[in-house]
Amino acid sequence: MKVTYYGQSCFLIETSVVKILFDPFITPNELAKDIDINTIGADYILVSHGHSDHAADLITLARQTGATVVCSFEIAEWLGKKDINNCHPMNLGGQWNFDFGRVKMVFAAHSNSLPDGTYGGTAAGFILSFEGKTIYYAGDTALMQEMKLTGELYKLDAAFLPIGDNFTMGIDDAILAADFIKCRTIVGMHYDTFGYIKIDKKEALAKFENAGLDLKLIDIGRSIEL
Ligand code: NI
Ligand code: MN
């Protein structure tokens, strides 16, 4: 699968049959100013929580793409009031078989509100199983014991983990998280976008390597194969 990074926690995963966009926050991100969101297509938009650094472009891109928005029940209700009705509401622990594969909504240790202050339900992450691969998109989260359960129940091919610290796990806790979930291939997210979450990328890469892990930090606008 092809993974394109649009900054912060926004990625597009593409296979020959499906395009899945995560946490659309692009236009307010100075680091992503070269990305033209008019060119982004998606069949599904997965939203971990409603904070603006994950949802600023959600309404625009939901309208533009016509994608099904997979999110908490509360975010789906909020989107409905904005006339975005192509939503699939979920809640923690639930899974659903979509036409491309299975998605499970899992706990994220974080808060959740919409940009206008509306309660957004519990913050979440997702475990996706499709086309023979299983990936974990953690959303914004602290390191937590629940990750050990993920490591026991799933054989992950890759995991998207926040590494920017202050609002989420930092580098050292993300290394522990990789151990908890038993996954060697980690795609870093939620770093460098603003002052509180600036990281030393060289240091991050070295620490992961020393722990026997493969940390992928994708340049904004670039793609990798997973
Ligand atoms: Ni957040
Ligand atoms: Mn965030």
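Both ligands and their constituent atoms are indexed starting at 1 by order of listing. What you are looking at is a predicted structure, and each value in this text was computed from that prediction instead of being measured.
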**Message:** If you round to 10 degrees, what value do you get for the angle at the Ni ion (ligand 1) between His51 atom ND1 and Asp140 atom OD2?
**Reply:** 180°
**Fill in**
In Asp53, the N/O/S atom nearest the Mn ion (ligand 2) carries the name OD2
**Request:** Check whether any side-chain N or O of Tyr5 sits under 3.5 Å from a backbone N or O of Leu217 as a donor-acceptor pair, and report yes or no.
**Result:** no
**Request:** Restricting to N/O/S, name the atom of Asp140 that gets closest to the Mn ion (ligand 2).
**Result:** OD2
**Item:** the Ni ion (ligand 1) to nearest N/O/S of His49 less than 2.8 Å
**Value:** yes
**Asked** Just checking, any donor-acceptor pair under 3.5 angstrom between side chains of Asp23 and Tyr137?
**Response** yes
**Asked** So, does Asp140 use its side chain to make a donor-acceptor pair with the main chain of His49 at under 3.5 Å?
**Response** no
**Message:** Among Val103, Thr134, Ile135, which residue satisfies the side-chain contact (heavy atoms from CB on, under 4.5 Å) criterion with Ile127?
**Reply:** Thr134
**Prompt:** Restricting to N, O or S atoms of His190, which is nearest to the Mn ion (ligand 2)?
**Reply:** NE2
**Asked** Just by distance, with hydrogens left out, do Thr27 and Asp57 show a side-chain donor and acceptor under 3.5 Å apart?
**Response** yes
**Prompt:** Do any of the N, O or S atoms of His54 sit under 2.8 Å from the Mn ion (ligand 2)?
**Reply:** yes
